[in-house]
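Heads up: numbering here begins at 1 and tracks the sequence.
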Amino acid sequence: MRPPLHPWQILESRAILERRWLTVHEQRVGLPQGGEIEEFHLIEAPSWVAVLADAGNHLVLVEQYRHGLGGASLELPAGVIDEGESPEEAARRELREETGYEAERFIPLAELSPEPARHTTRAFFFFASGARRVGEQNLEACEHILLRKLAADDLWEAAMSGRIAHAAHLGAVLLAERRGLWRPSVGGGRG
């Protein structure tokens with residue numbers, strides 16, 4: 001039997017960068033097996049949500065420029081959880097704002113850590129069944145997000161071709177499929 005893993009001990013910590021969406025902490029940490037890491041950088045950013053929305057004959061996605069990628073990315077509607085908002089409330093709001101769609105049923109898929117080595121951020125994924133268009137997008141001035149409707153059968157081709165590059169979003173899609181909430185060969189949700 002292997003011994004349990006013990007947490008690192010924070011010996012010193014200071015914020016070296018503080019912005020609206022990001023705080024970077026420089027820490028000196030003591031390791032359980034002995035020794036120290038003199039400069040470990042821990043990144044705090046807001047937790048966020050993403051929604052796999054099934055509208056029966058298509059999935060509701062968005063496309064936008066992602067600077068880290070240096071190009072466009074086809075993604076699930078997603079965004080930051082506002083203060084005082086539950087993850088499901090944020091998921092409903094983001095779906096409505098980014099796509100103009102609403103859905104009656106939101107099923108939690110997972111709460112994940114997209115990059116647990118250095119980031120404190122949590123991501124909450126939902127499956128929305130019976131999505132329907134109820135209006136237009138309601139985007140902030142700095143957002144340029146294109147609504148994309150994708151036949152469920154075309155989702156994996158979009159992932160394999162690199163059009164869907166967000167690894168955590170693909171993980172949520174796999175979870176939804178594994179749970180039987182939708183099947184590409186059926187072309188719509190069953191949830």
Side-chain angles (χ1 to χ4, degrees), residues 3-53 60-99 106-128 137-146 159 162-176:
L5 295 173
H6 297 286
W8 294 356
Q9 182 182 11
I10 300 170
L11 303 172
E12 293 178 28
S13 184
R14 67 184 179 104
I16 59 172
L17 177 69
E18 293 182 83
R19 298 293 187 267
R20 178 179 177 203
W21 301 105
L22 174 75
T23 301
V24 178
H25 299 274
E26 185 174 272
Q27 299 178 332
R28 185 170 64 91
V29 296
L31 304 174
Q33 69 273 23
E36 292 182 1
I37 297 175
E38 288 295 321
E39 287 185 0
F40 186 86
H41 296 95
L42 184 72
I43 300 166
E44 274 186 58
S47 291
W48 52 273
V49 298
V51 181
L52 176 60
V60 181
L61 301 174
V62 295
E63 188 171 14
Q64 58 191 314
Y65 175 80
R66 292 299 194 190
H67 195 59
L69 183 62
S73 178
L74 187 61
E75 302 177 355
L76 305 178
V80 169
I81 300 171
D82 289 339
E83 189 173 332
E85 195 174 41
S86 73
E88 183 176 326
E89 290 168 336
R92 289 178 180 277
R93 176 182 51 75
E94 288 293 342
L95 180 63
R96 177 66 177 88
E97 287 176 0
E98 291 191 358
T99 69
F106 277 68
I107 302 166
L109 288 173
E111 176 186 344
L112 302 173
S113 179
E115 207 293 273
R118 295 188 180 275
H119 294 248
T120 62
T121 302
R122 302 297 290 172
F124 298 82
F125 293 92
F126 291 85
F127 178 79
Q137 291 174 303
N138 184 20
L139 303 173
E140 293 182 25
C142 64
E143 293 179 307
H144 181 68
I145 298 172
L146 304 175
R163 285 186 61 215
I164 300 176
H166 200 304
H169 289 206
L170 284 176
V173 170
L174 286 168
L175 287 170

Quiz item: Checking side-chain contact (heavy atoms from CB on, under 4.5 Å) for the pair S73/E63: CA distance, chi angles, key distance, verdict?
Solution: CA-CA 5 Å; S73 178; E63 188 171 14; over 6 Å; no
Is there side-chain contact between [X] and [Y], with heavy atoms separated by less than 4.5 Å?
X	Y	value
R93	D82	yes
L11	Q9	yes
V62	L146	no
L76	V51	no
I81	P46	no
E143	Q64	no

Taking every non-hydrogen atom, the tightest pair across [X] and [Y]:
X	Y	value
A53	L95	CB-CD1, 3.9 Å
P4	H6	O-CD2, 3.5 Å
E38	E36	OE2-OE1, 3.0 Å
S47	T121	CA-CG2, 4.0 Å
A165	L69	CB-CD2, 4.1 Å
A159	L170	CB-CD2, 3.6 Å

Which distance, rounded to the nearest 0.5 Å, do you find between the [atom1] of [X] and the [atom2] of [Y]?
X	Y	atom1	atom2	result
R163	L61	CZ	CG	8.5 Å
I37	L31	CD1	CG	4.5 Å
L52	F126	CG	CZ	12.5 Å
I10	R28	CD1	CZ	12.0 Å
Q137	T99	CD	OG1	7.5 Å
Q27	I16	CD	CD1	10.5 Å

Quiz item: Can you list the residues that meet the salt bridge (charged side-chain N to carboxylate O under 4.0 Å, His left out) rule with R92, with sequence neighbours excluded?
Solution: E88
Exercise. Any ring pair (Phe, Tyr, Trp, His ring centres under 6.0 Å) involving residues 16-50? Give me the pairs, sequence neighbours left out, ordered by first then second residue.
Key: W8-F40, W48-F125, W48-H166, W48-H169
Quiz item: Can any side-chain N or O of E98 pair as donor or acceptor with the backbone N or O of A78 at less than 3.5 Å?
Solution: yes
Quiz item: With distance as the sole test, does T23 use its side chain to make a donor-acceptor pair with the main-chain N or O of E44 at under 3.5 Å?
Solution: no
Quiz prompt | Greater than 12 external heavy atoms within 6.0 Å of E140's CD | solution = no
Self-check item: side chain to side chain contact (heavy atoms under 4.5 Å, CB included) involving A110 - partner list, sequence neighbours excluded
Solution: L112, L175
